[in-house]
J.: 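Below is a structure I'd like to ask you about.
Given the structure is predicted, the values throughout are model-derived calculations rather than measurements. Lettering follows sequence order; numbering is per chain, from 1.
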Amino acid sequence: MIAQGKTNVAARYGMSIDVDRCNGCGACMVACAAENNVPPAANGATERTGLTWIRVYRVDNGGEGNERRSAFVPMLCQHCGKDAPCVAVCPQQAVDVDPATGIVGQMPERCLGCRYCMAACPYHARSFNWSDPAWPAGMEKTLNPDVAPRMRGVVEKCNLCQGRLHTAKAKAAMAGRVEIDPADYVPACVEACPTRAIHFGNLNDAASEVAQESHRKGSFRMLEALHTDPKIYYQSKKDWVRETASAPRPGKENARG
Amino acid sequence: MVRLTGKLADGQFITRGVSRCSTERFLLWLAPWVALLVFGVYCAGLCLVKGLNQTNMDNRFVFGLWIFVDLTIIALGAGAFFTGFLLYILKFKELSAVINSAVIIGLVCYSGAMAALMVDVGQPLRCWFTFWYPNVHSMLTEVTFCISCYLAVLAIEYLPVVLKNRRLKEIPSFLVFEFELHKLIYVLAGVGTFLSFFHQGSLGGLFGVLRGRPFAFREGLMVWPSTFFLFILSAAAVGPSFLILTTWLVEKITHKRLVKDQVFQLLARISGILLCVYVLAKAVDTLVWLNRTSPGLGFEAAQYYDWKPFGTWILFAEIVLFGLLPALILITPGLRARRGWLIPATALACCGVALNRFVQTVQTQALPTLSFDRFLSYSPSWQEVGTFAGVLAYGVLVYSFSFRYSQVFPEERELKAARVMRLEIPEEELVEAGR
Amino acid sequence: MLPWNYGFHFATASYIFLGAFYTVLIVVATTLLNAFLRARRDLTKAKAEEIRWHSDFHELAAADRSCRHVLTGEFQSRECPHAFDCRKCETHAKLIASHPPVEGAGEADLFGMSFPLDRMYHRGHTWARPEADGTVTIGLDDLGTRLLGVPDSVELPQPGEEIHANGTAFRIHKREADVRVLSPVDGEVVETGGVDRGYFLRVKPIDGNMDMRHLLRGAEVKPWLLGELERLQLALSMEGASMPSLADGGTPVADIAAAYPRTDWDAVCGEMFLEP
C-alpha cells in the first residue's frame, strides 16, 4: 500500500548483511532512528520497551576462554514473502505486503495497537509505542520532514525507509522516468554502516549486488524452516554463525545470546 | 404502581417469598467490591490516560495478564451459550433451573473481557476500525465480530432476567415485552450458539495460526488450526463445571439451596463426558504437534521444556491432573454424587482450562524463537492487577444485584418448601408429593 | 475489505465471513424488533392482564398447576394446559358431559369456614354469584377473607372498566402483603362494593352471556379447599411460623394475619392468591 509502484516489473527489495563485517558499532541503529523519526527512549523505558527498527544482537558460539567467538547480527524486519506471519493476523489490514516492492508496510494511522502482529513475528522486529513520542527540547528541529512520527499506542517497524523511496520516485517522475535510479533509494542503515556490511537492492534484478550475494555460498536467512521467505539475507564464512539462523537447540548450549 | 415507603423500599424489589439479607448487610457486602471496582477503574484510567507504559508488558511480552484472563473468563463463561443450547435447542428442560445464572455469568464474563480488551489495545478509540476495515483472514477479526455480537445477544437474553423483577413486571409494557421476548429466546440461543462456537474457536485459532511461533502453531482443518476445535470443546466442557462451581459458591455464601441435585448431576455428567473427549483430543493433538508439526518447522519440541520453570510437568498438569482426573470423577456417578468430589473436580476442570489458556498466551511468548535470544519472564504491574480486580469486582456486583433483585434460580422457593416439608414429612412421601 | 475502503477487492472468504456476520446481525435485530412489535400489539389489544396470568401461572409450583379433575380424583396427575381456563378445555368438556356435576351437592360448611352453595369458586380464592338481575357479584371467599382480615386498603376498578377471568380484579393491601386478586369471570364493572358490603365488585356480562364453566362448584370445592389448607400450612411453615396443623380439622381463625405477626405475610398471600 505504501509507495505503490508504477513500474511494470514488480521489485523485491531486500538486503544482504555480511555478519563477518559487522563490528556491532550501532551506527545503523542511530541512522535509522534519525531518518525515521524514532523518538529517544521515554523516561523509564527499558531495553524491551524502547523503540528501535533495527537491533544489533551480540551472538557467541558458546565456547569458553580461547574457544569463545563473538559476532554481531543486525536484526530488522525481515520483509517476509507475501504470506508474512504478521499480515494475515492484523484484524484491520494495517499491515500489508506491497506487491510492487515486496516491502511489508505498517500503517500507523490504521493500527489499533492490539499487538497481535508482534506476537506473530518470530524475529521480534516490531516495536510498540508504549508512551507518547517525545524529543528533548530543540531536537524536534532535527526531525525528518519526509516521515510522519507515530502516535502512542501503535506498532511500528522497519519499512526500508519508505520516505526515501518516495523521494526517489518523485525524482524519477520529475525526470520523466518510470523506474527509479537504484542509487537514489538506499536505506539509512545501509548508508551509515562504516564497514559496508549491509547491501541493499532489488532481489528481482539478477544483476544487482544483493541478488548475486543471496545466491553466494555462505548466504542464509533467519529461521528458514518457518517458510516465511524473508528478503533479508545474511552471510558468513563461519559455520557456527550460520547455525544461529536455525531454531534454538535442545539442551544447555542453546544459550547463544 | 411502585410504592416506596420507608424501610420497605429495598425489600419491595425482592422476589416474593424468597429470603434475602437485610439492606444493611447487603450494603456491607457490596462495600469492599465497590471499593475494588473504584480501584480498578482508577487503574484502567491510568492506562488509558498515561498509556500502556503503566503495564509491565513490553515489545517482547506483548500480551500479559489481561489476555490470559480474557481467554480464561470467556472459556468459563461458555456455560451461557452451552446451557442455552442444551436447554432451548436440545430441550434439556431441567437446565431451566440454571439458565438465568448462566446468562448472568456469560454477560459478566464477556462484558468484563471486552472492558479489559478496550484498555489493552493501544488506541481504544479505533475499535470500530475492525468493523470498517475488517481483515477476514485474521482470527482476531472473527473474535471481535463474534464477541461483540454475542455480547449484544447476551444483553438481550439478560433483559428478561431484569424485567422479571417483581416491581418492573408490574409495568405492563415491560411485562409484555419480557413475555414476547422469552417466546423468541430460542432464536437468540441458536444465534448465540453459532457465535460462541466461532469465537471460542477463533480464540483458540488466535495462537494456533501463529506460524512464527512454533510452540503455539498447530496444523488443522482448512483455515482452522486444531486449537480452534480444542478451545470450543474445552470451553463447552468447562462451562457447565464453572456453573456448578459458582452455584455452589452462591449456595454457600447465602446458606440456601438454589438448584436441585439432579441438575448438578446432569451438568456434571455433561461436563465429564465432554472433558473426556477433550482430554483425548488434546492428547492426540499434543502428540501430533510434538512429533510432526513442531519438528516440521525446524523446532525440536524437546527444547521448549528446557526453559525452567516450564518443564514437562506443565504438560502433565494440563492433560492429566487438570484434565483426565476431573473428567473421570465427573463421569463416575458414585463420585460426582458427593459434594466432596464434585466441587474439587469442577474446580480442577476450571483450573485446567485456565492453565491451557496460560500456556497458549504466556508460555508462547516466554519461549525464544531466535537461537541467540533468551527466555523471557513477565510479571504484571499493579495497574494490570488492579484493572483485573476491577473486572472481578464488577462481575461480583452484577451477580449480587441480579441475585438479590431478580429470580436467578427459579427453583429456590420450591427447594425452600422442600426443606420445610422434609422437617415434617418423611423423605419417601416427599418424592411422591412432587414438590 | 468493505467496498468503500481503499484497496478493496472481493474474495470468497469475504463473502462467507461478511455474509454470516450480516445474517447474524439481521436475525438478532429482527428478533428484537419482532418482540417489540408483538409487545406493542399485545398492549393495544389490552392483553397485558392475560399475559400476566400466563406468566404467573407458569411460575407456580408444579403441584399448584394441577387440573381440577385431579382434585376430584378423576386423574392421578395432570397439569392444567389452559392456565385454569376450563372454557377452552376439551378434556373438561368431555368429563363434564359424561358426569354432569350435581348442582347444589356438597356442603356449605367446610373445615369451619363458610362456602355457600349459591356461588362458584375460583382457584384464586374469589367467588362469583349470579344475581337475579343478570349481573354477577364477585367477592373473596372465606379463606381469602380470613387471610386478609380487614384489609389496610383496597384498589378497586372504576365502574365501566372491563375485567377478565384470571386477570386482575382488584388489589388488596394488608400489612406488608400487596396482592392482586384474580377475577373469576369476564365482565364490565357496574358497581364496586367493599368488605362491609360482602362483595367487592358487581359486573355485567360483556356480550350478554356469562360463561362460568371454569369455576369450581358443589362437591368440587371440598377437595380443593383441603389442598388449599395444606398449601397454607406449608406457606406458613416456609415463612417461619410454627402452628398447629390446620389439615387435621383445626379451624383457621378469623384474622389469620393477626395470629402470625412475624410471618412474611406478603409471601403467604402471594402463594395463596397464586401470585408467585
J.: So, B/Arg126 side chain and A/Gly113 main chain: donor-acceptor pair closer than 3.5 Å or not?
T.: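 Answer holds: no.
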J.: Measure across A/Pro248 and B/Pro368 and return the closest heavy-atom pair with its distance rounded to 0.1 Å.
T.: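 Smallest heavy-atom distance, with atoms named: CG-O, 3.9 Å.
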J.: Looking at A/Val87, A/Asp83, A/Val73, A/Asn129, which has the largest count of heavy-atom pairs under 4.5 Å with chain B?
T.: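 Result: the option with the highest number of such pairs is A/Asp83.
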J.: Taking atom CD of A/Gln92 and atom CZ of B/Phe131, what is their separation to the nearest 0.5 Å?
T.: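 That separation rounds to 10.0 Å.
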J.: Could you tell me which non-hydrogen atom of B/Ser371 sits nearest to which non-hydrogen atom of A/Ser246, and how far apart they are?
T.: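 Shortest heavy-atom separation between B/Ser371 and A/Ser246 comes out as CB-O, 3.2 Å.
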J.: Can you tell if the side chain of A/Leu112 reaches within under 4.5 Å of the side chain of B/Phe129, non-hydrogen atoms only?
T.: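 Sidechains of B/Phe129 and A/Leu112: no contact.
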J.: Is a side-chain donor or acceptor of B/Asn135 paired with a backbone partner of A/Ala88 at a separation under 3.5 angstrom?
T.: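 The answer is yes, because a donor-acceptor pair under 3.5 Å joins these two groups.
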J.: Measuring heavy-atom distances to chain B, does A/Leu226 have an atom under 4.5 Å in its side chain, in its backbone, in both, or in neither?
T.: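 Its backbone and side chain both get close to chain B.
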J.: Chain B heavy atoms under 4.5 Å from A/Arg126: which part of the residue, side chain, backbone, both or neither?
T.: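 Contact with chain B is through the backbone of A/Arg126 alone.
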J.: Going by side chain to side chain contact (heavy atoms under 4.5 Å, CB included), A/Arg115 matches just one of B/Asn59, B/Asp120, B/Val121. Which one?
T.: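 Going through the options one by one, the only one that passes is B/Asp120.
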J.: Measure distances from B/Leu210 to the heavy atoms of chain A and classify the residue's part below 4.5 Å as side chain, backbone, both or neither.
T.: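 Side chain of B/Leu210 only, per the 4.5 Å heavy-atom cut-off to chain A.
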J.: CG/B/Asn53 to OG1/A/Thr46 distance, rounded to the nearest 0.5 angstrom?
T.: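 If we round to the nearest 0.5 Å, B/Asn53:CG and A/Thr46:OG1 are 11.0 Å apart.
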J.: Could you look at A/Glu224 and say if it's the side chain, the backbone, both or neither that has a heavy atom under 4.5 Å from chain B?
T.: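 Looking at A/Glu224, nothing touches chain B.
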J.: If you take all heavy atoms of A/Tyr116 and B/Phe63, which pair is closest and at what distance?
T.: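 The answer is CA-CZ, 3.6 Å.
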J.: What option among B/Glu142, B/Met139, B/Met57, B/Gln365 has the most heavy-atom pairs under 4.5 Å with chain A?
T.: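 Looking at each of B/Glu142, B/Met139, B/Met57, B/Gln365 in turn, B/Met57 comes out on top.
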J.: Please give me the minimum heavy-atom distance between B/Gly212 and A/Pro85, naming the atom from each residue.
T.: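 Minimum heavy-atom separation between B/Gly212 and A/Pro85: N-CB, 4.5 Å.
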J.: Heavy-atom count around B/Glu300 CD within 6.0 Å, excluding the residue itself: above 12?
T.: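 For B/Glu300, atom CD is not crowded (no more than 12 foreign heavy atoms under 6.0 Å).
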J.: Got a donor-acceptor contact below 3.5 angstrom from the B/Gln123 side chain to the A/Arg152 backbone?
T.: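 Present.
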J.: With a 4.5 Å cut-off on side-chain heavy atoms, are A/Met107 and B/Tyr133 touching?
T.: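 Side chain of B/Tyr133 against side chain of A/Met107, heavy atoms only: no contact under 4.5 Å found.
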J.: Measuring heavy-atom distances to chain A, does B/Thr364 have an atom under 4.5 Å in its side chain, in its backbone, in both, or in neither?
T.: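 Contact with chain A is absent: no heavy atom of B/Thr364 under 4.5 Å.
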J.: Between B/Thr144 and chain A, which part of the residue has a heavy atom less than 4.5 Å away: side chain, backbone, both or neither?
T.: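 For B/Thr144, there is no contact with chain A at all, as no heavy atom is under 4.5 Å.
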J.: Using a cut-off of under 4.5 Å for heavy-atom pairs, which of A/Ala94, A/Ala119, A/Ser127 has the most such pairs with chain B?
T.: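 Top option by heavy-atom pairs under 4.5 Å: A/Ala119.
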J.: Between B/Ser138 and A/Val89 (side chain of the first, backbone of the second, donor and acceptor by atom type, cut-off under 3.5 Å), is there such a pair?
T.: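 Present.
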J.: Side chain, backbone, both or neither: which part of B/Val62 has a non-hydrogen atom closer than 4.5 Å to chain A?
T.: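 Both backbone and side chain of B/Val62 come within 4.5 Å of chain A.
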J.: Sort A/Met222 into side chain, backbone, both or neither according to what part of it lies under 4.5 angstrom from a heavy atom of chain B.
T.: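 Only the side chain of A/Met222 comes within 4.5 Å of chain B.
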J.: Find the one option among B/Val143, B/Leu376, B/Thr141, B/Thr369 whose heavy-atom pairs under 4.5 Å with chain A are most numerous.
T.: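 Result: the option with the highest number of such pairs is B/Thr369.
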J.: Would you name the heavy atoms of B/Phe299 and A/Leu223 that are closest together and state the gap between them?
T.: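 It is CZ-CD2, 4.0 Å.
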J.: Counting only heavy atoms closer than 4.5 Å, note whether B/Leu206 contacts chain A via side chain, backbone, both or neither.
T.: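 Contact with chain A involves both backbone and side-chain atoms of B/Leu206.
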J.: Give, for atom SG of A/Cys121 and atom CZ of B/Arg211, the distance between the pair rounded to the nearest 0.5 Å.
T.: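 Atom-to-atom, A/Cys121:SG and B/Arg211:CZ are 11.5 Å apart.
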J.: If I take atom NE2 from residue A/His124 and atom CZ from residue B/Arg60, how far apart are they, to the nearest 0.5 angstrom?
T.: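 Reported to 0.5 Å precision, the distance equals 3.5 Å.
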J.: For each of A/Cys114, A/Pro91, A/Ala225, A/Gly50, tally heavy-atom pairs with chain B at distances under 4.5 Å, and name the one with the top tally.
T.: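 With the most close heavy-atom pairs to chain B, the winner is A/Pro91.
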